[in-house]
Amino acid sequence: QVQLVESGGGLVQPGGSLRLSCAASVIIFSIATMGWYRQAPGKERELVARITNAGRPNYADSVKGRFTISRDNAKNTVYLQMSSLKPEDTAVYYCKIESLSFWGQGTQVTVSS
């Protein structure tokens with residue numbers, strides 16, 4: 001069965017860093033474009049970053065220069081390194097296999113002093 005499991009979320013102070021991981025159970029991971037999205041309470045889900053199978057990234061303007069998306073195809077895992085975190089980054093973060101529109105369950109990131 002297709003599964004995505006996010007981990008690495010938590011509570012961090014403004015200016016701090018977190019690294020999120022998304023582990024996939026599917027063999028197709030190595031050729032799939034992967035995305036990280038986030039959703040804050042009362043707000044729509046928004047794209048944070050995408051990475052192609054070849055490792056080409058793109059980012060939302062709000063996170064450029066602060067977040068880095070990467071992948072390890074051998075481990076079927078995509079990462080989101082988040083630095084210089086701001087309170088407005090607080091959200092549930094989800095990973096997605098883009099071609100399948102298949103989502104993980106999400107991991108909570110809270111940025112607060």
Side-chain angles (χ1 to χ4, degrees):
Q1 189 195 11
V2 176
Q3 290 191 78
L4 296 174
V5 180
E6 299 97 335
S7 61
L11 175 64
V12 64
Q13 291 191 333
S17 298
L18 285 173
R19 189 196 198 198
L20 306 184
S21 299
C22 174
S25 65
V26 294
I27 192 84
I28 200 174
F29 179 89
S30 65
I31 62 170
T33 294
M34 301 293 297
W36 281 102
Y37 294 73
R38 66 187 181 187
Q39 188 166 26
K43 296 187 179 296
E44 65 275 16
R45 192 170 296 185
E46 64 176 351
L47 174 67
V48 176
R50 281 193 179 109
I51 187 166
T52 70
N53 66 305
R56 297 183 181 90
N58 59 74
Y59 300 94
D61 287 343
S62 60
V63 307
K64 282 182 180 175
R66 300 190 297 120
F67 290 12
T68 301
I69 189 170
S70 62
R71 68 192 297 158
D72 184 340
N73 288 342
K75 298 179 69 173
N76 285 355
T77 302
V78 62
Y79 304 96
L80 187 69
Q81 177 67 52
M82 306 185 296
S83 300
S84 301
L85 283 161
K86 306 173 180 179
E88 52 263 46
D89 296 317
T90 295
V92 178
Y93 284 71
Y94 300 89
C95 63
K96 178 191 177 189
I97 304 175
E98 294 288 3
S99 62
L100 298 178
S101 295
F102 190 86
W103 301 85
Q105 290 293 306
T107 186
Q108 177 71 49
V109 172
T110 303
V111 184
S112 177
S113 59

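Please read these numbers as outputs of a predicted model, since none were measured by experiment.
- Here the side chain of T90 pairs a donor or acceptor atom with the backbone of V111 at under 3.5 angstrom.
- Summarising the geometry, atom OG1 belonging to T68 is positioned 8.0 Å from atom CG belonging to L80; distances are rounded to the nearest 0.5 Å.
- Note that the CZ atom of R71 and the OG1 atom of T77 stand 10.0 Å from one another [nearest 0.5 Å].
- When the side chains of ILVMFWY residues are joined at heavy-atom separations under 4.5 Å, either directly or via intervening members, M82 and Y59 end up in a single hydrophobic cluster.
- Closest approach of P57 to G55, counting heavy atoms only: CD-O, 3.2 Å.
- One hydrophobic cluster, built from ILVMFWY side chains closer than 4.5 Å, holds both V78 and L100.
- Interatomic distance, CG of L47 versus CD of E98, reported as 7.0 Å (0.5 Å rounding).
- Summarising the geometry, atom CG belonging to L4 is positioned 9.5 Å from atom CD belonging to Q105; distances are rounded to the nearest 0.5 Å.
- The line from CD1 of I69 to CG of N58 is 8.0 Å long, rounded to the nearest 0.5 Å.
- Here the side chains of S17 and V12 are not in contact, with every heavy-atom distance at 4.5 Å or above.
- Every side-chain hydrogen bond (donor to acceptor under 3.5 Å, both in side chains) that E46 has, sequence neighbours left out, goes to R38.
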Could you give me the CA-CA distance, side-chain angles and deciding distance for I97 and M34, then say whether side chain to side chain contact (heavy atoms under 4.5 Å, CB included) is met?
-> CA-CA 5 Å; I97 304 175; M34 301 293 297; 3.8 Å; yes

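- Within a 6.0 Å radius of CD in E44, other residues, nucleotides and ligands contribute 12 heavy atoms or fewer.
- Using the six-membered ring where Trp is involved, F67 and Y93 have ring planes that are tilted, between 30° and 60° apart.
- Of the inter-residue distances, the one linking C22 atom SG with Q3 atom CD reads 11.0 Å to the nearest 0.5 angstrom.
- In plain terms, the two heavy atoms of K43 and Q39 that are nearest each other are O-NE2, 3.1 Å.
- Residues Y37 and V5 fall into different hydrophobic clusters, defined by Ile, Leu, Val, Met, Phe, Trp and Tyr side chains chained together at heavy-atom separations under 4.5 Å.
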Could you check D89 against K86 for salt bridge (charged side-chain N to carboxylate O under 4.0 Å, His left out), going step by step and ending with a plain yes or no?
-> CA-CA 5 Å; D89 296 317; K86 306 173 180 179; over 6 Å; no

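- At a threshold of 4.5 Å between side-chain heavy atoms, the hydrophobic network of Ile, Leu, Val, Met, Phe, Trp and Tyr places V48 and Y79 in two separate groups.
- Hydrophobic clustering (ILVMFWY, side-chain heavy atoms < 4.5 Å, transitive): L18 and I51 are in one cluster.
- In terms of modelled atom types and a separation under 3.5 Å, the side chain of E6 and the main chain of L20 share no donor-acceptor contact.
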